[in-house]
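Please read the structure below before turning to the comments.
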2 protein chains.
Amino acid sequence: MNLRDLRYLLAIAEHGHFGQAAEACGVSQPTLSVQVRKLEALLGVTLFERGGRGAVPTDACQRLIGHVRVAVAEADAILQTARSLRDPLAGRFRLGIIPTLAPYLLPLVFAPLREAMPALEIEPWEDQTASLLAGLREHALDAALLATEPDGPDLDHTCLFDEPFLAALPPEHRLACRDRIGEEDLASDILVLADGHCLREQALAVCGLSTALGGPLRASSLATLLNMVAAGYGTTLIPALASGPAEDAGIVLRPLVREASRTVRIVWRARFPRREAVEAVGRIVAQRLRGFAASGATGSSTKTGSSTKTGSSTKM
Amino acid sequence: MNLRDLRYLLAIAEHGHFGQAAEACGVSQPTLSVQVRKLEALLGVTLFERGGRGAVPTDACQRLIGHVRVAVAEADAILQTARSLRDPLAGRFRLGIIPTLAPYLLPLVFAPLREAMPALEIEPWEDQTASLLAGLREHALDAALLATEPDGPDLDHTCLFDEPFLAALPPEHRLACRDRIGEEDLASDILVLADGHCLREQALAVCGLSTALGGPLRASSLATLLNMVAAGYGTTLIPALASGPAEDAGIVLRPLVREASRTVRIVWRARFPRREAVEAVGRIVAQRLRGFAASGATGSSTKTGSSTKTGSSTKM
DNA sequence: TCGCCGCGATAGGCCCTGTCTATGCCCATA
DNA sequence: TATGGGCATAGACAGGGCCTATCGCGGCGA
């Protein structure tokens, strides 16, 4: 059975006339005769009573025609819906973001994204790197903003911008008087995040500490960490986008001597079909952050720049 | 767009695997690859993200698949419904019957019809000959039981049985003492039905009277006519099937000298597709009435016997 | 690290079938 | 009886669906 034949059926039922229905369908009259006859043979039911004055639907046809109408209408709905789905910069876009980035980046880029792509419904999803990668691989996410280079050939990525690390000190800290802080000087009393946060590993590495170390504190969020520093429990490294809230908390921020940084990337499945959406999101984020970091953001060098000059893009 | 392609789409979405879906659909895997690709081109939307471990429906596919399911389900419903409509001895059967026949014939044949064809939903419709013929021609009726021969080549008919006329007399009538009544003897005080009833013309013709005559009374129903006769207002001719109610009303019934009768036929549109249903209904009615009339019923002589030996089948 | 395996895509050929034009048949009408 | 409208039929052609065979690619185990 064919949708085309069902459309023929509807046209004939509507016009009560093979010839007029054929014209309405844009085919010749014999075409309708043949096709309807085949449909009747398939169904085992006579659909029209042909007479001298056109064709009249039979009782059986009347009973079937409701289903026919619905089937054809749904087929049209498929075409219609597909048309609206055709724009890759429209529809749902599930974007994963790591917790040390989301609260500080999202307020900066959400409005520009909305303005540039009003039809793209971005659904942010905040979780740690490993969960986001798993979410990508099981199609729960369309893309993710990470600060590490993803593994495996099934994922592609583009570097968006470099985000410098800053030393975060209590105002009364002995290092607070310096203009720049040496990375190793923080090692003695550094506080870090809980396992799973990429920032934990990166901060420790920058200070030359082993991953296993880092003191007894395992802060579950950057906000907690900042509050601990503000309360004088120690120092930490924060990504530059978090500097606003840090200063609000009364923390002293200082640039690092070797200007360590992390590279923020957008990551997606290599086979994800809406590549345009990914690239547009990445482009707009990079644009908004351009000039933010000293090293600047490149923004569109897919599969390049796996390690920047600062070497902070440690794999997790 | 093709229903087959939509079934392919559903199979792939269900199995998450082109090969398994192909097997389920009974086609080869390349067939699905090609057809889905064409469907994607038609819709302008990527439906599946092909990966190393099968195929995953895209977001767009998820949005479309509801419509696809409905369309395919409706197509199946068409096939399913058609299967149940395939039996010509099932479904609605609108049967017109003239008023001088319906009240007396229906009680006799309804049970046998039901027993023989339990799936045939016979909807009786009582009206005068002209209305029934019009109803047939505008497809409001499927068949009709008439006592006249229909005109025009668009209608076919079969003679079912001959129904003798009987003289109906008040008990105190001067002719009541005779065993048989001469048709012309009724002419003096005969009462007849209103215009439009074929029995009116037939009764007048049998008595040798012009159609224009027949006295001032125009009874609107045979029951009224019988009550008028019973009350002594005159005589009339009744069809034999009405003899029971007539006798119940205290009327004297007598056979006619020339055994005038009318022929009951089943009439249908020559192009009506459910010929079997018509023939079965006619056969069962004839069977039930077999031996009822002295002359007997033939029951299946289509387009023959347009005039019986009694010559009572006057055209209207 | 190499080769195998699973999965989807591609190529080429066959056959079905949908469509056309031309024509026939039937019926209604003038 | 002739004519015209309406659907069915016939024959031919083209497009498309399906097949088998093969390729390309990525994953995985030896």
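By convention in this document, chain letters (A, B, ...) are assigned in the order of the sequence lines, proteins followed by strands, and residues within each chain are numbered from 1.
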Could you give the CZ-to-P distance, from B:Phe48 to C:dA9, as a whole number of Å? 11 Å
Nucleotide C:dC16, atom P - distance to CD of A:Gln35 in whole Å: 16 Å
Write down the protein N/O and nucleotide N/O pairs, taken from nucleotides 22-29 of chain D, whose separation is under 3.5 Å; answer none if there are no such pairs.
none

Check residues 135-143 of chain B and write down every donor-acceptor pair under 3.5 Å in which the side-chain atom is one partner and the other belongs to a residue at least two apart or another chain.
{"residue": "B:Arg137", "atom": "NE", "partner": "B:Asp154", "partner atom": "OD2", "Å": "2.7"}
{"residue": "B:Arg137", "atom": "NH2", "partner": "B:Asp151", "partner atom": "O", "Å": "2.8"}
{"residue": "B:Arg137", "atom": "NH2", "partner": "B:Asp154", "partner atom": "OD1", "Å": "3.0"}
{"residue": "B:His139", "atom": "ND1", "partner": "B:Arg269", "partner atom": "NH2", "Å": "3.4"}
{"residue": "B:Asp142", "atom": "OD1", "partner": "B:Arg94", "partner atom": "NH2", "Å": "3.1"}
{"residue": "B:Asp142", "atom": "OD2", "partner": "B:Arg94", "partner atom": "N", "Å": "2.9"}

Rounded to the Å, how far apart are B:Leu47 CG and C:dG8 C1'? 15 Å
In whole angstroms, how far is the P atom of D:dG6 from the CD atom of A:Glu23? 12 Å
Could you list by number each residue of residues 3-16 of chain A showing a heavy-atom separation from DNA chain C of less than 4.0 Å, or answer none if no residue does? A:Arg4, A:Tyr8
Salt bridge (charged side-chain N to carboxylate O under 4.0 Å, His left out) with B:Arg50: which residues, sequence neighbours excluded? B:Glu40
Tell me whether B:Thr58 contacts the main-chain N or O of B:Leu47 through its side chain, where contact means a donor paired with an acceptor under 3.5 Å. yes
Go through D:dC19, D:dA8, D:dT9 for me and flag the one nearest to the B:Ser28 side chain. D:dC19
Could you tell me how far apart A:His17 (NE2) and D:dG4 (P) are, to the nearest whole angstrom? 16 Å
If you look only at pairs with a residue in residues 63-72 of chain B, which of them pass as a side chain to side chain donor-acceptor pair (under 3.5 Å), with sequence neighbours excluded? A:Glu74-B:His67
Who passes side chain to side chain contact (heavy atoms under 4.5 Å, CB included) against A:Glu276, sequence neighbours left out? A:Pro88, A:Leu89
side-chain hydrogen bond (donor to acceptor under 3.5 Å, both in side chains) filter on A:Ser28, not counting sequence neighbours, yields A:Thr31
Rounded to whole angstrom units, what separation is found between the CG atom of A:Asn2 and the C1' atom of D:dG15? 14 Å
Can you list everything that forms a salt bridge (charged side-chain N to carboxylate O under 4.0 Å, His left out) with B:Arg4? Sequence neighbours excluded, please. none
Reckon A:Thr31 has a side-chain N or O less than 4.0 Å from the OP1 or OP2 of C:dC20? yes
Is there a donor-acceptor contact under 3.5 Å from the side chain of A:Thr81 to the main chain of B:Leu64? no
Non-neighbouring partners of A:Arg92 that pass side-chain hydrogen bond (donor to acceptor under 3.5 Å, both in side chains), sequence neighbours left out: B:Asp59
Could you pick out which residue, B:Arg37 or A:Gly26, lies toward the 5' side of DNA chain C when each is mapped onto its nearest nucleotide? B:Arg37
Take atom CG of A:Leu32 and atom P of C:dC20, then tell me their distance rounded to the nearest Å. 9 Å
Atom-to-atom span, CZ of B:Phe18 to P of D:dC18 - whole angstrom: 14 Å
